[in-house]
Amino acid sequence: MIGKKQSVPQIPPEVVDEPHSPLTANRSRCLVIQTAFLGDVVLTTPLLSRLAEQHGPVDVVTTPAASALLQYHPAVATVLRYDKRGADRGWRGLRRMGSQLRSRSYRRVYLPHRSLRSAVLALWSGAPERVGFEDSPAAITYTTRVPRPSTGHEVERILSLGGRTREPAPAVSLGLTPADHGAAESFLLENRVGTRFVALAPGSVWGTKRWPYYDKLVGELDHPCVLIGGADDEPLAALIVAANPGRAFSAAGALSLRESAALIQRASVLVTNDSAPLHLATAVGTPVVAIFGPTVPEFGFGPRGSGDLVVGHDTLACRPCSKHGPPACPLGHHRCMRDLSVEQVRRAVAILASAEESRAICPGH
Ligand code: SF4
């Protein structure tokens, strides 16, 4: 998980208002409830942009971890933090959040996350229109039930909630601030990383989605590496740094989520597992080498850049074995990751890094 230990700026405990945005003066009548994982929240930003085009900036209910990510997004008027696993857990927290939503008199609520909890919040908000997917276990509570596309990228699936249009999908995007870019720049300067570097995101909430050879990869790359991640990833990042003194630098736990995205934006390439940093790179336009083990891009969460590369085991019969990747390999061998060699990943990085360098020398190519 990305985000430094005290990464969330000092903000009110439940509501993050957007004091800098003139549009917040007009309270939004449109709400999106998205309390899934960070990556899901990033992939919801095209829907936020589409709804903002139609109705003006929208309000969003999301987790504390994701709230900072959306705090300065131009399509968002207000972020309402819902700590479903902490301060707001249980029925009491749900009712408190529901009352808060009701007091804001929404006209429409959109539900990209197919959870019962989100459906209850939408119902209690009192909004007359509630739009969600027809395969949700709570679909009976929606007023508009949208078929969820079984193929395609998650971005387009989520966007289908905003109605059909011939317009191209808005980009996956983040509202990064000058302070975010400044923090990324300071990290690079303080650590003397230089302007050409590769970002590595070795962590994942799910153990089987972690490729085990990041430490060896660093030694094979032409550029220094910066490790991206949250406080949970610090021990893993420290091991990789210890194995590569002077070649690897850890930003895990030192930069917030937005600052990490700003740092990824400066990298020549991001190497990542199937996890949230992949989608941050998509948002900031950095080329990605995505390493897929127990999951596959066909699930809808792959990279979206035209030059991005996926490294995965194409001939392993047990793969994919679960939607998110199990905590441990049920077969014990974890070959979906262990068979992916350092050389395979190094080659992929070299291809993208040289393409990136050509673009830098010759913009337009
Ligand atoms: S069962 Fe196969 S796909 Fe699943 S974790 Fe093990 S090796 Fe990977």
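Atoms within each ligand, like the ligands themselves, are counted from 1 in listed order. Each residue takes its place number in the sequence, starting with 1. Only a predicted model underlies this, so the values are computations on that prediction, with no experimental measurement involved.
- Not a single donor-acceptor pair under 3.5 Å links the side chain of Arg107 to the backbone N or O of Ala127.
- Using a cutoff of 4.0 Å between basic side-chain nitrogens and carboxylate oxygens, Arg114 and Glu134 are not scored as salt-bridged.
- Below the 2.8 Å limit, atom 2 (Fe) of ligand 1 has as protein N, O or S neighbours Cys318 SG.
- In this structure, Trp211 has its ring center at least 6.0 angstrom away from the ring center of Phe292.
- For Arg148 and Phe133, the positive end sits near the middle of the six-membered ring, less than 6.0 Å away and at most 45° from its axis.
- Note on ring orientation: taking the six-membered ring where Trp is involved, the planes of Phe37 and His324 are perpendicular (angle over 60°, cut-offs 30° and 60°).
- Interatomic distance, Ile264 CD1 to Arg266 CZ, rounded to the nearest 0.5 Å: 12.0 Å.
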